[in-house]
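Notes for the one structure printed next.
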Amino acid sequence: MEGDENVERGNWSHKMDYLLSLLGFAVGLGNVWRFPYLCYRNGGGAFLIPYVIMLLLSGLPLFLMELALGQFASQGPISVWKLSPIFKGVGFAMFTISSLIGIYYIVLLAYSLFYLFASFTSELPWNTGCTNAWNTPDCTISDHGLIWINGTWYNRTEIQDTELWNASKRVSQSEEFWKHYVLDISEGLEHPGTVKWQLALCLFLAWLLIFCCLIKGIKSSGKVVWVTATFPYIVLTILLVRGVTLEGAWDGIKFYLEPKWSKLGEPQVWRDGAIQIFFSLGTSWGQLITLSSYSRFHNNCYRDALVIAVLNCLTSFYAGFAIFSVLGFMANEMGVKVEDVADTGAGLAFVAYPAALARLPISPLWSSLFFVMLLTLGLDSQFAVLEALVTGIVDEFPRRLRSKKMFIVLGMCAVGFLLGLPLVTQGGFYLLQLMDNYSGTFSLLVVAIVECVVVGWVYGCDRFLDDISMMIGSRPCLWWKICWKVLTPLSLLFILIFQFTVYSPTKYGDYTYPFWAEVLGWCMVGVAVLMLPTAALYKVCCAKGTLYERVSFLVEPSWDWGPALCVRAYVIVCRMRVSFLVEPSWDWGPALDRHRDGEVYQFLHGRDKATGEHREMSDFIRTASGGDESTKI
């Protein structure tokens, strides 16, 4: 690909760098450890109906909107709101949410690194029995219908509902390894304990990987994603091929897909479908705006949005086969039902699936592949999170900070590591769960709704569709206008209201979070949401005129809103006009009969200089307009 179109900010070196970065960000840990669980819990194959409908109503319209916004203006998640300056708080809210998510999300990568290193043994440590230093009397082993409790083997069916069965907690080996060795978990959030140095080292290594991959911004991360975005598909395929050959695998796949049509009448199913597609695509975080801002102006963002959104959904569906084929095998080995071993989130990634892999021949190999896959899935998402934060800051102060971008990346990695240390203490997992439940849920939905209102109603769908047409050469159909103005904000409002109606205090296992922890969680929500009115109030106070005049002025795009190259060309034109009016006119000077050689030279030299400035402006206009110098700025 030819040189950068936007010399100041830079562009993706190759179109595939951009597409793979988008795919890597959209396809994250949730595609593997959340979607398959939601699918079986909400009616198997029937769950795909609300999932696809919510994709069309909310996920895809928001995805396209953000890709088009970033590409059109070539600005990060904060500066892009020159579109309507009074709503710049949307960008600050995105920045706040991404900061909170970036702090705890990378801890999941630290867990993956820990398990990866633990897999480099001849026998996986979470499958070495119940006699290890971290085991408790509740540790049990299940195998082919038998269960080991307190040092004795019993037939599972014979002791069920007996006093021994009811008195024992029956904690698996892998769960005890996770809780008592990896986390060394305390009694609650109010007991933080000490930092787990092994996890702290893994956290440091995770941040070091992020820094090395982003040291040159998109130029370096765009090359890394060729590995990190494609490797998970290779591993999923290997696990699937191995999984379907195992005894009991088809029971797991049947359990995953068997449709239960009656579930479609339950509101919870539609709520789960909407939430999964919304969070899976990663809209309203600011990352999509950031990644697309480095695209070339005439890139087909419409096609990119369709391709990546569809691939993201297909990946979630495909991952379910790899997950449930192995869980079906595990259930068969233990002599239990599939639902007894199925889990979601950290429970699937660090307890259920590792336990299943431990039962395979050459289990360290399969375990290593699985945790490298989790690591690469998480790295892509974290790349985008950090790039959005850095770009958001640099684009606000480009002259001062553009040349120091590497040091900003280093500083943010260092700050992120320090802020992440409380999450790798003995009570750190409770804090991680709290941040996961609050930092990117309610506030993210509010931001998405406001984003739709600003683009659809304040800026105007027709104007926005014209902007897209300017980039791709054709105007998207009426469907997108209907979504942005009505369907998408209403579907997001439905999710938000449903979230409030089913809200309950945060729990982890048998532990109920104290009231002050709930307050802390809502503070995370409030900090992001309050950015909206705070930024608007600040803008209004700084503007001039009556209140009506200030608001009317601030809802309209600022003077420098538009394609980056055209804006720069406009600035050059303005500077030339000023300089043209200040300098003597072209016909100022001695009459020809009075010219001396030196005077003629100086006169012509000045004309050459002006011609050079005009040529510079013409080059910018020609580049920005795709070769048509007659295009209006």
Is there a side-chain contact (heavy atoms from CB on, under 4.5 Å) between E387 and Q287? Walk through the geometry before answering.
CA-CA 8 Å; E387 184 61 50; Q287 281 77 6; over 6 Å; no

Is there a side-chain contact between M94 and E451, using heavy atoms and a 4.5 Å cut-off?
yes

How about Q71 and Y294: do any of their side-chain heavy atoms sit closer than 4.5 Å?
no

Looking at the rings of F350 and Y115, which for Trp means the six-membered one, are their centres under 6.0 Å apart?
yes

Identify the two heavy atoms, one from P489 and one from C483, that lie closest to each other, and give their separation to 0.1 Å.
CD-O, 3.3 Å

Please give me the minimum heavy-atom distance between P36 and I323, naming the atom from each residue.
CG-CG1, 4.4 Å

Quick check against the 3.5 Å criterion: does S112 have a side-chain atom that pairs as donor or acceptor with the backbone of L108?
yes

Hey, what do you get for OH (Y104) to CG (L432), rounding to the nearest 0.5 Å?
7.5 Å

Side chain to side chain, M524 and I97, heavy atoms closer than 4.5 Å:
no

Could you pull out the closest heavy-atom pair between L369 and V235, with the gap in Å?
O-CG1, 3.6 Å

Is it the case that the side chains of Y438 and S443 hold a donor-acceptor pair, with the cut-off being a distance below 3.5 Å and no angle test?
no

Please report the closest heavy-atom contact between A349 and L374, naming both atoms and the distance.
CB-CD1, 3.9 Å

Here the gap from T391 atom OG1 to L401 atom CG, rounded to the nearest 0.5 Å, amounts to 11.5 Å

M330 vs V338 side-chain heavy atoms within contact, under 4.5 Å
no

Side-chain ion pair, D395 and K82, N-O less than 4.0 Å:
no

F204 atom CZ, over 12 foreign heavy atoms within 6.0 Å
no

Nearest heavy-atom approach of W207 to G102 is CZ2-O, 4.1 Å

For this output row, return yes or no: ring centroids of Y111 and W178 closer than 6.0 angstrom.
yes

The criterion is ring-ring contact (aromatic ring centres under 6.0 Å, His included); which residues satisfy it with F464, sequence neighbours excluded?
W484

Could you check, using the six-membered ring where one of them is a Trp, whether F114 and F371 have ring centers closer than 6.0 angstrom?
no

Heavy-atom side-chain proximity of Y302 to L67 below 4.5 angstrom:
no

From D467 CG over to C461 SG, what is the distance, rounded to the nearest 0.5 angstrom?
11.5 Å

Rounded distance (nearest 0.5 Å) linking atom CE of M65 with atom CD1 of I468
9.0 Å

Do L264 and I49 have side chains that get closer than 4.5 Å, going by heavy atoms?
yes

Donor-acceptor pair, S469 side chain versus L465 backbone, under 3.5 Å?
no

Derivation of the side-chain contact (heavy atoms from CB on, under 4.5 Å) call for S21 and F383:
CA-CA 9 Å; S21 295; F383 288 162; over 6 Å; no

Check whether N299 reaches the backbone of S295 with its side chain - one donor and one acceptor, N or O, closer than 3.5 Å.
no

Can you label the angle between the W285 ring and the F25 ring as parallel, tilted or perpendicular, going by 30° and 60°?
perpendicular

So for atom CZ, which belongs to F407, do other residues, nucleotides or ligands contribute more than 12 heavy atoms lying within a distance under 6.0 Å?
no

Roughly how far apart are N31 CG and S280 OG, rounded to 0.5 Å?
4.0 Å

Would you check if the side chain of S74 reaches a backbone N or O of G70 as a donor-acceptor pair within less than 3.5 Å?
no

Whether the side chain of S220 engages the backbone of C213 through a donor-acceptor N/O pair (distance < 3.5 Å, no angle test) should be reported.
yes

Taking atom types as modelled, is there a side-chain donor on W366 or Y353 under 3.5 Å from an acceptor on the other?
no

If you measure only the distance, is there a donor-acceptor pair under 3.5 Å linking the side chains of S293 and R9?
yes

Compare all side-chain heavy atoms of S381 with those of L29 and state whether any distance is below 4.5 angstrom.
no

Side chain S292, main chain L288, donor-acceptor under 3.5 Å:
yes

Any donor-acceptor N or O pair under 3.5 Å, side chains T376, T228
no

SG on C313 to CG on L48, rounded to 0.5 Å
9.5 Å

Tell me if a side-chain donor or acceptor on S79 pairs with a main-chain N or O of G76 at a distance below 3.5 Å.
no

If we ignore hydrogens and angles and just use 3.5 Å, is the side chain of D4 paired with the main-chain N or O of V7 as donor and acceptor?
no

The test is side-chain contact (heavy atoms from CB on, under 4.5 Å); show your working for K485 and C452 and say whether it passes.
CA-CA 7 Å; K485 290 180 77 79; C452 287; over 6 Å; no

Step by step, would you call L532 with F87 a side-chain contact (heavy atoms from CB on, under 4.5 Å)?
CA-CA 7 Å; L532 301 171; F87 292 101; over 6 Å; no

Say whether W226 and D17, considering side chains only, have a donor N or O and an acceptor N or O under 3.5 Å apart.
yes

Mind listing the closest non-hydrogen atom pair of V241 and T245 along with its distance?
O-CG2, 3.2 Å

We want to know whether N6 and N11 form a side-chain donor-acceptor pair, criterion being a heavy-atom distance below 3.5 angstrom.
no

In the structure I gave you, are the side-chain heavy atoms of L205 and F117 within less than 4.5 Å of one another anywhere?
yes

Can a side-chain donor-acceptor contact be found between D272 and Q276 if the only test is distance below 3.5 angstrom?
no

Determine the sole option in F255, Y256, F35 for which the ring pair (Phe, Tyr, Trp, His ring centres under 6.0 Å) test with Y40 is passed.
F255

